[in-house]
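The block underneath contains the structure these notes are about, expressed in structure tokens.
Reminder, nothing fancy here: chain letters follow the sequence lines and each chain counts from 1.
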2 protein chains.
Amino acid sequence: MAQVARVSKMTVSNVLNGKPNVKASTRQRVLSAVEATGYRANPVARALAGQRHRLLSLVARRSNLPYVTEVIRGASEAAEALEYDLVVLMVGQRQSSDLSLFLRLSQGAAFVHADAPGLGVPPGDLPLHCVTVDGPTHDSLRVDNLGGSRAATRHLLELGHTRIAFVSGLLALSPEASLGRSDAAERLRGYQDTLEEAGLTLPEAYLQHGDYSPESGERAARALLALPEPPTAIFAAGDAMAVAVIHAAQDLGRRVPTDLSVVGFDDLPFFRGVRPALTTVAQPLGSLGEEAVRHLARLAQGETPAALPPPLATTLVVRDSAAPPPPHQSIQTP
Amino acid sequence: MAQVARVSKMTVSNVLNGKPNVKASTRQRVLSAVEATGYRANPVARALAGQRHRLLSLVARRSNLPYVTEVIRGASEAAEALEYDLVVLMVGQRQSSDLSLFLRLSQGAAFVHADAPGLGVPPGDLPLHCVTVDGPTHDSLRVDNLGGSRAATRHLLELGHTRIAFVSGLLALSPEASLGRSDAAERLRGYQDTLEEAGLTLPEAYLQHGDYSPESGERAARALLALPEPPTAIFAAGDAMAVAVIHAAQDLGRRVPTDLSVVGFDDLPFFRGVRPALTTVAQPLGSLGEEAVRHLARLAQGETPAALPPPLATTLVVRDSAAPPPPHQSIQTP
DNA sequence: TTGTACGCGTTATCAG
DNA sequence: CTGATAACGCGTACAA
């Protein structure tokens, strides 16, 4: 290659990297030689020589894909806007042996629903910068679960409901697992706090424990609606459960929202097709990916006091599945 | 590192690569030194030295995520089963500059909804093996659109429908773009062929052109239901349109499937929450990813006559949105 | 069985 | 402004 242009490879390197110290005529000669040969620098060699690529990695567990897909989309768009490349590494439970390759090549890595040690990545392989998104560690990029849960509960109160049941997500089993991974707990607390502030105390049976699965949602709904004094509203900590609640209620002859109001949490595009359209708390999943990438980019640029953004705002999206309670609440308990 | 074990790096290399020609005692010494230092071979240098990693790349356009997500899932699972690593490269319209890095590192690459030239990848950067999944080129891994479309149409005929409308997908605009990318055309043809074989000729207005978007589905539904002799069944070439058709029909006071049957195409998990549950043609999207990976793995192992698998079977999934037509069809045209 | 020398393709350093 | 030389960290081939 260098022969073709009759210069040293050094000069070729300088030309390709846009260094200013090349005479215009030489540069032209090199450029046309490059053109002629279709030559392209070998990125692997470049990496070995110590250059870091404008590259970010995103490592995601293959579970809950509908969730991570949105995060990936946001991350990918942000990366493109910032002129970074983004590779997505999908991992199962086993650690991916060549994770380290990409981690070395990248300027930073975001771990979604996981963290590096959790994936068996040796510290030595870590690139300069890391973020975990909704991960087990404390310094994780998060969403305001508490605020969203409060907003949803408040919404139901404002509609006039007093008998509001809750279907929880999967609460942490082990103490370690709970470290930070407290979505379900925060959503539960938002519900409980808001009711308490409103001076309401509800029967224990109004709190059902689910695990985010549709099955658990259906079970909870059947249990709640079989109660002597059933709730007029059910707030489920996840959309999948909320949709299952709607369907179970409909199967039991209840109209939603006329007879029963249902509110979800997530606003996954996945469930946009449901009718009645689900009133739910939207998590900014795309923004989660965006912010992760932005934060990584900031770190890469050397902004030392690059603080993690505060929990991202969740917003209540009012659609059709929640309405005022039926006027004659006591019809079932004469 | 070599110093620690008091051997040459050569021996370290041999130990790490499991070569048999090392004395057991030496191997032990190296192993414990590796353990102690936490040493790991640098994958970049290894790649530069000419080693190909057990790595496959999957390049996907960031558009239609619900679709590609399923393909990715299948590919990722298959890769794990085959003990390959898989990197996913999400690209926008612009070509990703570092695509070539990964392409060089991989043993093969699958392009979903795209092909290498289409992404501006120079041929020199291509790894040994490529597959395109549902891409523009002719040698692309595909799904049996024709068969699925025929099955759906036949199903409606067997239910007793004779007034069956069709909402097409986005038909190719330019001649080049149509090369292979003929999903929409094949689905249309399956519908037309089947009706023809049944000896039915339908009014031109029963063929509506959509573009896979919900909006186009709604438009088509409104147009069809406003006809003097509206169809009793609507077959939409995509789930998103089918769902839009259902909703539009319901908004116009039609019951689905009592008054109107609706059949979709895709079976995206995205729309599983819809009620009535959508009768639709399932595309094996996960299998598409799996087969792509398997094919790549076969090629990588040197199976020369590795033929591309035939189009993957689609299957009609009968759920609740299609039923026999209402008995008195002529009520609207006295 | 183990060690030496060289090459992979690039960039940094420093000399010319 | 340009070119020679030395890394980068590993694998391969061959020699000891």
## Note on the structure
salt bridge (charged side-chain N to carboxylate O under 4.0 Å, His left out) filter on B/E77, not counting sequence neighbours, yields none

### Non-neighbouring partners of B/R46 that pass side-chain hydrogen bond (donor to acceptor under 3.5 Å, both in side chains), sequence neighbours left out
none

### Below 4.0 Å: OP1/OP2 of C/dT1 and any side-chain N or O of B/T11
no

### Message
Suppose we screen for side-chain hydrogen bond (donor to acceptor under 3.5 Å, both in side chains). Which residues come up paired with B/D266, at least two apart in sequence or across chains?
### Response
B/Q283

## Note on the structure
One would report the end-axis bend of the helix from C/dT1-D/dA16 to C/dG16-D/dC1, five pairs per end and rounded to 10 degrees, as 40°

### Query
Is there a donor-acceptor contact under 3.5 Å from the side chain of B/T69 to the main chain of B/L65?
yes

### Task
For nucleotides 9-16 of chain C, just jot down a letter per nucleotide in 5' to 3' order: B, S or -, based on protein non-hydrogen atoms under 4.0 Å.
BBSB----

### Pair listing, ring pair (Phe, Tyr, Trp, His ring centres under 6.0 Å) test, anchored in residues 60-79 of chain A, at least two apart
A/Y67-A/H113

### Query
At under 4.0 Å between heavy atoms, what does B/V22 touch on the DNA or RNA strands: base, sugar-phosphate, or nothing?
sugar-phosphate

### Task
State which residues pass side chain to side chain contact (heavy atoms under 4.5 Å, CB included) with A/H295; sequence neighbours excluded, sorted by chain then number.
A/V131, A/R298, A/L299, A/A306, A/L308, A/P309

### Query
By side-chain hydrogen bond (donor to acceptor under 3.5 Å, both in side chains), which residues pair with A/R73, not counting sequence neighbours?
A/E70

### Query
Is the phosphate of D/dC1, meaning OP1 or OP2, less than 4.0 Å from a side-chain N or O of A/T26?
no

### Summary
Applying side-chain hydrogen bond (donor to acceptor under 3.5 Å, both in side chains) to B/S140 and not counting sequence neighbours gives B/T132

